[in-house]
Engineer: 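Mind looking over this structure? Questions follow.
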Amino acid sequence: TLLITDKDGRLFGIVNAWHMREQGSSKLADICERDVATVGPDEDATEAFDRMDKGHLPYLAVVENATLVGIVTRRSMVRALAAAVWGDDR
């Protein structure tokens with residue numbers, strides 16, 4: 001999965017292998033999905049995790065002032081939880 005931004009760094013959409021394989025166009029703007037689940041950089045991690053869990057989302061795009069600033073994945077959440085429970089020196 002690729003997060004697509006415009007020239008100003010604003011989140012435009014997402015595209016994955018399915019989009020590329022199933023759609024007839026080679027232009028990302030034509031094949032990307034525009035409805036992207038997002039979270040703000042100051043949102044509570046527990047709330048973000050709950051949104052991912054309840055929505056069966058593999059990731060949330062981190063957006064601030066319409067600009068893509070990062071991504072939170074299930075794996076990054078699990079790692080953060082493990083570090084909080086067992087410490088960073090595992």
Engineer: Apply side-chain contact (heavy atoms from CB on, under 4.5 Å) to Asn65 and list each qualifying residue two or more places apart in sequence or on a separate chain.
Structural biologist: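 Partners of Asn65 by the side-chain contact (heavy atoms from CB on, under 4.5 Å) criterion come out as none, since no residue qualifies.
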Engineer: Once rounded to the nearest 0.5 Å, what's the spacing between atom CG of Asp50 and atom CG of Asp44?
Structural biologist: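 These two atoms lie 9.0 Å from each other.
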Engineer: Roughly how far apart are Met77 CE and Asp53 CG, rounded to 0.5 Å?
Structural biologist: 10.5 Å
Engineer: List the atom of Met52, the atom of Val72, and the distance in Å for their closest heavy-atom pair.
Structural biologist: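 Closest approach of Met52 to Val72, heavy atoms only: CE-O, 3.9 Å.
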Engineer: Mind checking side chain to side chain donor-acceptor pair (under 3.5 Å) for Asp6 and listing every partner two or more places apart, or none if nothing turns up?
Structural biologist: Arg10
Engineer: I'd like to check the side-chain contact (heavy atoms from CB on, under 4.5 Å) partners of Thr1; sequence neighbours left out, ordered by chain and number.
Structural biologist: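 Only Ile14, Asn16, Tyr59 meet the side-chain contact (heavy atoms from CB on, under 4.5 Å) criterion with Thr1.
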Engineer: Is Val62 reachable from Leu57 through a run of hydrophobic residues whose side-chain heavy atoms are each under 4.5 Å from the next?
Structural biologist: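 Yes: a chain of side-chain contacts under 4.5 Å links Leu57 to Val62.
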Engineer: Does anything in residues 66-79 pair up under side chain to side chain donor-acceptor pair (under 3.5 Å), and if so which pairs, sequence neighbours excluded?
Structural biologist: Thr73-Ser76
Engineer: Kindly write out the residues that satisfy side-chain contact (heavy atoms from CB on, under 4.5 Å) with Leu81, not counting sequence neighbours, or none if the list is empty.
Structural biologist: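 Leu81 satisfies side-chain contact (heavy atoms from CB on, under 4.5 Å) with Val85 once adjacent residues are dropped.
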Engineer: Side-chain atoms of residues 31-42: list all donor-acceptor pairs with protein atoms under 3.5 Å, sequence neighbours left out, distances to 0.1 Å.
Structural biologist:
unit_1 : atom_1 : unit_2 : atom_2 : d
Arg34  : NE     : Phe12  : O      : 2.5

Engineer: Same cluster or not: are Val69 and Leu3 linked, directly or through other Ile, Leu, Val, Met, Phe, Trp or Tyr residues, by side-chain heavy atoms under 4.5 angstrom apart?
Structural biologist: no
Engineer: Going through the checks in order, is the side chain to side chain contact (heavy atoms under 4.5 Å, CB included) test met by Glu43 and Leu60?
Structural biologist: CA-CA 11 Å; Glu43 186 166 334; Leu60 292 169; 5.9 Å; no
Engineer: Given side chains that start at C-beta, do those of Ile4 and Val15 come closer than 4.5 Å, heavy atoms only?
Structural biologist: yes
